[in-house]
Amino acid sequence: MDYQPYDDKTQLDRQIERYPLSFTRNPSAPLIQRPLTLTERTGPVGLERELGAGPLDLSRACVEGPSRPRAVGQLISVFGRVTDEDGSPIPNAIVELWQANSAGRYIHEMDKTDSPLDPNFTGQGRLLTGPEGEFQFYSVKPGAYPVLESGWWWRPPHIHFSIFGVSWMDRYVTQIFFPGEPLNETDLLLNAVHERDARNRLIFEYDSTSMGAVNAISYRRDFVLRGHRQTPALE
Ligand SMILES: [Fe+2]
């Protein structure tokens with residue numbers, strides 16, 4: 001029997017017209033369901049220790065690591081919860097994050113733009129969800145960046161999320177966008193999710209500015225990993 005984990009109305013088109021890479025990055029044949037062994041259902045154990053997931057401040061180093069100057073850009077605080085379709089929290093999930101710096105530049109060999117790197121910003125880190133599935137981290141707002149080979153396409157500011165559940169087989173990857181960005185209207189990936197409600201689940205909610213010790217603009221995004229309120233996957 002064909003294995004079809006995808007809801008085409010609320011999940012990303014797998015092959016996107018005008019985005020040639022999407023045709024080579026996606027399977028052309030239906031997926032095959034493979035029985036899981038005990039290892040795949042239960043492992044790995046203690047991954048958070050091996051990967052060093054902990055409190056996270058991408059705008060500096062990890063908060064428990066050595067202090068560094070703050071990266072250039074608008075300081076943001078991002079928080080939310082990870083739950084299943086019934087609203088039950090997913091505690092101890094490893095959340096991996098990566099994003100461009102405030103000039104729209106990644107530290108990556110494939111980034112061929114001439115935007116400047118920031119010596120105080122790596123744009124990547126990991127954290128662990130708490131008992132209620134909650135998470136929070138600081139960062140700077142990422143800049144937009146051009147997809148050079150397209151000749152026209154600017155990616156709006158976004159943060160990449162990967163969430164590991166209880167086992168190897170539970171990995172969920174997506175990108176979350178910022179509200180009110182004009183480039184959201186033309187982004188090929190965001191708009192490859194056709195339902196407006198589902199698209200909105202890929203955009204942070206503006207929360208508030210918090211004043212005090214840390215002045216950061218605050219954004220919220222909850223993740224639902226299954227069911228009709230599922231957050232679309234966007235790789
Ligand atoms: Fe990106």
Side-chain angles (χ1 to χ4, degrees), residues 11-26 51 53 56-59 71-80 82 94-127 135 137-164 171-193 198-206 217 219-223 225 231-235:
Q11 301 297 300
L12 179 79
D13 279 347
R14 280 162 289 179
Q15 298 186 337
I16 301 167
E17 233 182 298
R18 305 176 74 196
Y19 183 26
L21 274 179
S22 71
F23 289 85
T24 55
R25 283 179 177 169
N26 286 282
L51 294 180
L56 192 64
D57 184 350
L58 292 178
S59 78
V72 172
Q74 171 63 59
L75 187 64
I76 60 172
S77 170
V78 176
F79 72 104
V82 183
I94 292 177
V95 180
E96 297 187 290
L97 302 148
W98 63 102
Q99 64 164 92
N101 70 19
S102 61
R105 177 79 189 265
Y106 285 100
I107 301 177
H108 193 281
E109 61 187 13
M110 292 292 285
D111 189 332
K112 307 289 189 202
T113 63
D114 58 1
S115 302
L117 290 170
D118 182 338
N120 297 312
F121 191 73
T122 65
Q124 51 191 291
R126 298 186 179 97
L127 54 78
F135 66 87
F137 63 95
Y138 292 106
S139 189
V140 293
K141 187 179 174 188
Y145 60 85
V147 180
L148 294 176
E149 62 272 20
S150 73
W152 68 272
W153 179 15
W154 282 82
R155 299 294 332 277
H158 60 273
I159 299 178
H160 296 258
F161 284 77
S162 156
I163 301 173
F164 274 111
R171 189 180 183 206
Y172 161 79
V173 180
T174 201
Q175 303 175 23
I176 302 297
F177 299 78
F178 287 78
E181 293 287 334
L183 292 169
N184 288 349
E185 305 303 316
T186 52
D187 186 61
L188 288 182
L189 292 178
L190 179 58
N191 292 288
V193 176
R199 252 191 337 270
N200 285 340
R201 297 200 286 274
L202 290 171
I203 300 174
F204 289 119
E205 289 168 24
Y206 169 71
I217 295 180
Y219 293 99
R220 177 177 193 132
R221 171 69 6 226
D222 294 332
F223 294 91
L225 298 184
T231 312
L234 215 70
E235 295 194 35

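Ligands are counted one by one from 1 in listed order, and the atoms in each one are counted from 1 as well.
Comment: Arg171 engages Glu96 in a salt bridge, judged by a side-chain N to carboxylate O separation of less than 4.0 angstrom.
The ring-ring contact (aromatic ring centres under 6.0 Å, His included) search around Phe177 returns His158, not counting sequence neighbours.
Between atom OG1 of residue Thr24 and atom CD of residue Gln15 there is a gap of 9.5 Å, rounded to the nearest 0.5 Å.
Ordered by chain and number, Tyr106 OH, Tyr145 OH, His158 NE2, His160 NE2 make up the set of protein N, O or S atoms under 2.8 Å of the Fe ion (ligand 1).
The closest side-chain heavy-atom distance from Gln99 to His160 is not below 4.5 Å. Contact annotation: the side chain of Ser102 never approaches that of Phe121 to less than 4.5 Å [non-hydrogen atoms, C-beta and beyond].
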**OP:** Test Leu148 against Thr113 for side-chain contact (heavy atoms from CB on, under 4.5 Å), laying out the working first.
**Re:** CA-CA 8 Å; Leu148 294 176; Thr113 63; 4.2 Å; yes
